[in-house]
Amino acid sequence: MANKMLKRTGLPSDLCERLSKYQIVNCRDFLSLSPLELMRLTGQSIHKVYALAKTVSKACAPKMITALEIKTERCSHPSNAFFPTSLAELDEVLHGGLACGTLTEVTGPSGCGKTQLCIMLSVLATLPVSMGGLDGTVIYIDTESAFSAERLVEMARCRFPNYFCTEQELIRMTNKIYLYRELTCLDVLKRVESLEDDVISKGVKLIVVDSVASVVRKEFDPRLEGNLTKRSNLLSSEAATLKYLAEEFSIPVILTNQITTRMGQRQAASFKPSSVEIDLLQSEGCGVSPDGETGFATAALGNTWSHSINTRLIMQYLDYHSRQVIVAKSPLAPFAVFMFTIQNSGLILQGEDDQSSSLTEGTDPGLLPIRVRSSIGHCSGQDPSALTQGKLRSTE
């Protein structure tokens, strides 16, 4: 709530404009100043400054709400409570879809469908509420230059052929998706911190960050002292701001993450890390695998980041054609596994046959193994079905 813009606190617009010239734009900026500093910057008396501080404090203070009020609000406005993914079985497990007002992370190996899901959800968010959409605009922050406008149009046409049957509807849909390519950590943070005005002025109903891990892992060299602390602070700031936006405007926020490797017991025993490397392993969630033998892939960015998100969906390879999406962490849904394929129309869930034998070991989202596609098996002519057996010793 400290990230709330001053213009939304009830302060006079001319005073907000004056303060913005000194880079004082949100409640945190205002309340971080002493009364004497506020007197100098606002030109107000001490009594007036105290009154302004009281107004700002009241505007950004969390408001108490009862469980009954939350339940009543969700029942009276169901479209504001959940964002259906159009994947019926997944939505049923999630009690209606992705919860609005929360952060949902989608993690998995490269090429498993994370960006495809983000693009599909972007199309869905622009649809009318009567079609399961949010009837709003989308802010899509692309840190990997992976977004494809051609794929967006193809998915819309194939998934909703009757609705997107004219060029006019396609143009209308694409005009409602705002793409920002931010390729550095600082640019991503600045963009996230400036989103409140966009959410209000553009009628934003969905925020996508694809991906959170990409720029962070490129820029912060773990061998340099202090980098891990800086990285943790950066991620905490981004998560706090995105959570504020999600809760304040009751919109879903979708974040994609990458994977890292968790060592097996034998690997850990032969590995003599320095103090910096120990910090890195802990921050990435690395440790000993459940079977104590081989290493395996798991979600990146560590346990601290894992606690920042509300829901975690893990995507992984099953074979060359099929993949799995796992509900690994959710305040509403149990642990669940679904098979899917990627087609012209986006993600399509498969039948529930054989899903009971899918990977279900452990429910800790920070430790859950993730299957990746082995290029070694492919090059050597290995049977694709062998890729689903056992754990990998290395990953990207």
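What you are looking at is a predicted structure, and each value in this text was computed from that prediction instead of being measured. Side chains are part of it too, since the values below use all heavy atoms of this structure and drop only hydrogens, waters and symmetry mates.
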Any salt bridge between [X] and [Y], counting N to O under 4.0 Å?
X	Y	value
E248	R8	yes
E154	R151	yes
D197	K7	yes
K176	E169	no

With heavy-atom distances below 4.5 Å as the criterion, would you say the side chains of [X] and [Y] are in contact?
X	Y	answer
L124	F160	yes
L15	L52	yes
I200	F249	yes
F82	C100	no
F338	V93	yes
R18	I24	no
L234	F220	yes

Does [Y] offer a backbone N or O that forms a donor-acceptor pair with the side chain of [X] under 3.5 Å?
X	Y	answer
D135	L127	no
S308	T304	yes
S20	E17	yes
K202	T137	no
D142	S145	yes
K4	N26	no
D210	T256	no
K329	S306	yes
N310	L103	yes
K243	E238	no

Any donor-acceptor pair under 3.5 Å linking the side-chain atoms of [Y] with those of [X]?
X	Y	answer
S34	E37	yes
Q350	Q324	no
E196	Y244	yes
R312	T107	no
N233	S236	no

Item to check | Pair L313-I326, side-chain contact (heavy atoms from CB on, under 4.5 Å): steps then yes or no | outcome: CA-CA 5 Å; L313 302 180; I326 302 172; over 6 Å; no
Next on the checklist: With side-chain contact (heavy atoms from CB on, under 4.5 Å) as the test, pick out the partner of L195 among T241, V204, I141.
Outcome noted: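 Checked T241, V204, I141 against L195; only one passes side-chain contact (heavy atoms from CB on, under 4.5 Å): I141.
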Any chance [atom1] of [X] has more than 12 other-residue heavy atoms, nucleotides or ligands included, within less than 6.0 Å?
X	atom1	answer
Q168	CD	no
Q343	CD	yes
Y178	OH	yes

Next on the checklist: For a side-chain hydrogen bond (donor to acceptor under 3.5 Å, both in side chains) check, start with the C-alpha distance between R323 and Q316, then their side-chain angles and the critical distance, and finish with the verdict.
Outcome noted: CA-CA 6 Å; R323 298 165 171 85; Q316 65 179 10; over 6 Å; no
Item to check | Geometric cation-pi criterion R191 and Y180, 6.0 Å radius, 45° cone | outcome: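 Flagged: R191 positioned over aromatic ring of Y180.
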Checklist entry - Are V123 and M131 joined in one hydrophobic group, where the rule is that I, L, V, M, F, W and Y side chains link up if heavy atoms are under 4.5 Å apart? => result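 Both belong to a single hydrophobic cluster.
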